[in-house]
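Here the structure comes first, spelled out in structure tokens, and everything after it is commentary.
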Amino acid sequence: MTQDMQITKASGEREPFHKNKFCDSLKQAGAPEDMTNEVCEQVSSEIEPDMTTSDIFRKASQYLTQKNARVAARYNLKHGISELGPAGFIFEQFVEIVLQTLGYETKRNQIVQGKCVTHEIDVLAKKDNVHYLIEAKYHNKKGIKTPLDVVMYGHARLLDIQEEKAKTESEPHEHRMWLVTNTKFTTKAIAYAKCRNIPLTGWNYPENEGLEDIITRYALYPITSLPSVNAFEREQFAKSGTMLARDLAPYTAKDLTEKFNISPKVAEQIIEEMTALVYGEGVKGEQQTAVAS
């Protein structure tokens with residue numbers, strides 16, 4: 001019966017609830033088989049007609065938080081990325097941190113002269129004598145895909161800048177446009193980018209090198225991916241520029257209460273979730289000892 005239940009996607013479309021697909025999303029977040037089966041069965045039993053995918057996500061996140069903070073935070077990652085802007089945290093700033101971690105020299109919010117007009121570039125990145133013009137496209141609405149026209153617009157900007165640089169650079173460099181987004185790309189956007197040799201980094205793209213893969217590999221989890229970080233905590237952290245979960249490593253729960261005015265109970269939960277996510281299960285005591293010393 002649940003398999004035939006109609007749910008509402010973020011785009012407003014209705015579709016059948018696919019239990020297997022939902023179970024796979026829990027497994028991809030790192031939930032062991034017994035936890036995957038238990039949470040999947042529990043949430044599936046609570047599905048009601050026309051329930052939204054956001055409601056289902058919140059239910060799953062709540063159950064996972066009770067069982068394993070690390071898995072819950074990884075499951076919460078995509079939602080956490082969508083919470084990076086526009087108030088407080090800036091997606092471009094997060095993208096710059098990712099690029100720096102990958103070994104690029106970066107400058108953010110740069111004005112670059114093209115042949116016809118000037119262009120504001122979100123991030124300039126340099127590596128191996130190649131200059132990348134990073135277009136950081138952020139969407140906070142679920143279900144949106146980055147379309148063809150965004151890639152074509154980026155390509156047009158690149159052509160204008162390349163023509164100007166060819167005349168003015170004393171030492172020629174290769175210049176490339178690179179589009180980074182927190183969403184998936186449409187099929188046409190990917191086809192055009194491949195044809196024009198434009199690098200794309202988005203959700204689940206490229207395979208094994210998408211934004212979520214890089215975040216997981218280098219533990220670049222945004223602080224918004226921690227389940228206990230809600231609107232108030234997010235605002236407090238944003239004021240101090242505390243963007244990554246691992247930025248909280250030097251703090252104890254008491255520090256969070258004193259520095260960020262976070263309630264003691266929530267502060268304890270945040271530190272527990274951060275420790276489990278960044279350092280793995282079973283190291284909470286070691287991490288707190290290291291911080292205290």
Side-chain angles (χ1 to χ4, degrees), residues 9-11 13 28 77-78 80-82 84-86 90-166 169 172-218 220 222:
K9 297 169 62 177
S11 61
E13 298 177 75
Q28 289 169 8
L77 178 57
K78 189 172 185 180
I81 292 292
S82 72
L84 284 177
I90 303 171
F91 183 62
E92 290 92 331
Q93 184 180 350
F94 180 73
V95 169
E96 183 179 30
I97 292 172
V98 170
L99 291 168
Q100 290 172 348
T101 303
L102 296 176
Y104 292 85
E105 297 177 35
T106 64
K107 293 181 180 179
R108 190 156 44 95
N109 298 332
Q110 298 294 299
I111 302 298
V112 179
Q113 181 64 52
K115 179 183 177 181
C116 303
V117 296
T118 57
H119 302 268
E120 184 175 348
I121 304 299
D122 295 326
V123 184
L124 287 180
K126 179 182 176 182
K127 190 176 185 182
D128 299 329
N129 208 37
V130 180
H131 291 189
Y132 294 89
L133 311 168
I134 311 298
E135 189 90 6
K137 286 296 179 185
Y138 160 83
H139 300 281
N140 61 1
K141 290 185 178 180
K142 295 181 180 179
I144 291 179
K145 291 187 177 182
T146 299
L148 170 63
D149 59 352
V150 171
V151 183
M152 294 181 69
Y153 171 68
H155 183 231
R157 299 179 76 192
L158 172 64
L159 294 178
D160 191 43
I161 291 170
Q162 280 179 328
E163 195 167 348
E164 178 66 17
K165 293 294 185 182
E169 281 186 333
H173 295 90
E174 180 183 356
H175 297 273
R176 300 186 68 187
M177 178 62 67
W178 184 354
L179 184 59
V180 182
T181 181
N182 63 317
T183 69
K184 295 180 179 181
F185 294 97
T186 64
T187 302
K188 286 187 176 181
I190 293 173
Y192 187 88
K194 286 181 176 178
C195 179
R196 297 298 186 183
N197 197 27
I198 299 172
L200 300 180
T201 299
W203 206 257
N204 290 335
Y205 190 85
E207 185 176 2
N208 298 322
E209 294 295 332
L211 186 59
E212 76 282 16
D213 298 303
I214 297 171
I215 291 170
T216 302
R217 189 175 304 137
Y218 295 98
L220 298 174

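Everything quoted here is computed from the prediction, not taken from an experiment. One is the number of the first residue; the rest follow in order along the sequence.
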Which atom pair, heavy atoms only, marks the closest approach of I121 to L133?
CG2-CA, 4.1 Å
Among H119, H155, H131, which one satisfies ring-ring contact (aromatic ring centres under 6.0 Å, His included) with H175?
H131
Less than 4.5 Å apart, side chain to side chain, heavy atoms only: is that true for K165 and H173?
no
Around atom NZ of K127, are there more than 12 heavy atoms from other residues, nucleotides or ligands closer than 6.0 Å?
yes
Greater than 12 external heavy atoms within 6.0 Å of D128's CG
no
Result for side-chain contact (heavy atoms from CB on, under 4.5 Å) between N182 and one of I144, L84, I81, T146 points to I81
Measure across G210 and T201 and return the closest heavy-atom pair with its distance rounded to 0.1 Å.
C-CG2, 4.4 Å
Non-hydrogen side-chain atoms of M177 and R157 separated by less than 4.5 Å
yes
Tell me, do F94 and V180 make a side-chain contact under 4.5 Å, heavy atoms counted?
no
Aromatic rings F91 and Y138: how do their planes relate, parallel, tilted or perpendicular, breaks at 30° and 60°?
tilted
Of all the heavy-atom pairs spanning L148 and K188, show the shortest one and how long it is.
CD1-O, 3.7 Å
Closest heavy-atom contact between E135 and L179?
O-CD1, 3.2 Å
